[in-house]
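One structure is given below, encoded as structure tokens.
Protein chains get the first letters and strands the later ones, always in sequence-line order, with residue 1 at the start of each. Hydrogens, waters and symmetry mates play no part in the numbers below; they use all other heavy atoms, side chains included.
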There are 2 protein chains.
Amino acid sequence: MKRRTWQRDAVAEALAENTGFVSAQALHGQLRDAGSPIGLATVYRTLAKLAEGGEIDSLQLDGEGLYRACATEKHHHHLICRNCGTTAEVEAEAVEAWAHAVAAQHGFTAPAHVVDVFGLCPDCSRA
Amino acid sequence: MKRRTWQRDAVAEALAENTGFVSAQALHGQLRDAGSPIGLATVYRTLAKLAEGGEIDSLQLDGEGLYRACATEKHHHHLICRNCGTTAEVEAEAVEAWAHAVAAQHGFTAPAHVVDVFGLCPDCSRA
DNA sequence: GGAGTTTTGACAATGGTTATCAGTAGCAAT
DNA sequence: ATTGCTACTGATAACCATTGTCAAAACTCC
């Protein structure tokens, strides 16, 4: 059974304060700096659970997991600044359709896809 | 300057024997089982160099790096069986165009993208 | 053959993530 | 409220893929 704890709320709240994707470690540091005595393991566990439940989005970059509380519940993809992490949510029905078509064409079932666009945001491009 | 060693050849050859993506560790085990005394660190280094030079493709799955010697030199994407690793190469000019357009639309520069489709291949679907 | 520089390999170190396990604290029934 | 059950937490150890280290080996050019 799922229980409600202040730790879970704290993680969700801290995540909401970030506009881009954040690592578990960064989030833990943020919480600690804000005076919360939350444990690192708890942050990892909570993020994993939230992601599993579809409440937050996650992706892997350079071998570390990043998380983000997204605005929409709908399926979408991300345009991410590889320098500062700023993220824009983008929809791409054409890509969804393409992914399904490709899978079907080769007889693959249970299709899933990883589609992310990386780049330098306007601010970071200037620097 | 780049030198030619039997180790580099051995890695490339072992990679060619696999149809799907393989991890550095798996490849090392494969080489060792075949009687090669190659070192693990060397396999990692060689794979990194080959990938850097564009001679092989790489991707990250579950936090571990996977490599594959692809048939074409052209930019392409992959349709991967998440059970057995079997891989099909697929082209998607429409997706390339979409990625560029999305980045440009938001003022992002130096666009790159990660696009992979996962699923169960016909064989694994049956099981 | 020899100099000069890469590359190698065994092993240590790194770093993000997960397992352990005793103590804590939701939640429900009493 | 109190109790009982059990999920959750946190400090720390363990994991494990990967990278760094450095002396020894070996490729290439002269």
Could you work out which one of [options] sits closest to the side chain of [X]?
{"X": "Gln25(B)", "options": "dG10(D), dT18(D), dG16(C)", "result": "dT18(D)"}
{"X": "Thr5(A)", "options": "dC8(D), dT7(C), dG9(C)", "result": "dC8(D)"}
{"X": "Trp6(B)", "options": "dT17(C), dT18(D), dG9(C)", "result": "dG9(C)"}
{"X": "Thr46(A)", "options": "dT18(D), dT9(D), dG9(C)", "result": "dT9(D)"}
{"X": "Glu64(A)", "options": "dT12(D), dT7(C), dG16(C)", "result": "dG16(C)"}

message = Base, sugar-phosphate or nothing for Gln7(B)? Non-hydrogen atoms, less than 4.0 Å.
response = sugar-phosphate

With hydrogens left out and only the distance checked, is there a donor-acceptor pair under 3.5 Å joining Arg45(B)'s side chain and the base of dG20(D)?
no

What is the separation between atom [atom1] on [X] and atom [atom2] on [N], rounded to the nearest whole Å?
{"X": "Lys49(A)", "N": "dG26(C)", "atom1": "NZ", "atom2": "P", "answer": "14 Å"}
{"X": "Tyr44(B)", "N": "dA13(C)", "atom1": "OH", "atom2": "P", "answer": "19 Å"}
{"X": "Gln60(A)", "N": "dT18(D)", "atom1": "CD", "atom2": "P", "answer": "12 Å"}
{"X": "Leu40(A)", "N": "dG10(D)", "atom1": "CG", "atom2": "P", "answer": "10 Å"}
{"X": "Phe21(B)", "N": "dA17(D)", "atom1": "CZ", "atom2": "C1'", "answer": "18 Å"}
{"X": "Asp62(B)", "N": "dG16(C)", "atom1": "CG", "atom2": "P", "answer": "18 Å"}
{"X": "Arg4(A)", "N": "dA28(C)", "atom1": "CZ", "atom2": "P", "answer": "13 Å"}
{"X": "His28(A)", "N": "dG10(D)", "atom1": "NE2", "atom2": "C1'", "answer": "9 Å"}

Indicate whether any N or O donor in one side chain lies under 3.5 Å from an N or O acceptor in the other, for Gln30(A) and Asn18(A).
->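 Looking only at side-chain atoms, Asn18(A) and Gln30(A) do form a donor-acceptor pair, the distance falling under 3.5 Å.
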
message: Does either side chain, that of Glu96(A) or that of His77(A), offer a donor lying less than 3.5 Å from an acceptor on the other one?
response: yes

- Message: Testing the basics here: between Tyr44(A) and Ala24(A), what is the closest heavy-atom pair and its distance to 0.1 Å?
- Response: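 Closest heavy-atom pair between Tyr44(A) and Ala24(A): CE2-CB, 3.5 Å.
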
Apply salt bridge (charged side-chain N to carboxylate O under 4.0 Å, His left out) to the pair Glu17(A) and Arg68(A), showing each step before the final yes or no. CA-CA 10 Å; Glu17(A) 284 173 11; Arg68(A) 179 167 189 267; over 6 Å; no

Close side-chain approach of Phe108(B) to Leu120(A), heavy-atom, < 4.5 Å =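 No, side chains not in contact.
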
Fill in: First encountered from the 5' end of DNA chain D, between Thr42(A) and Tyr67(B)
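Its nearest nucleotide lies further toward 5', so the answer is Thr42(A).
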
Check your understanding: Mapping Arg3(B) and Leu66(B) to their closest nucleotides on DNA chain D, which lands nearer the 5' end?
Key ->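 Its nearest nucleotide lies further toward 5', so the answer is Leu66(B).
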
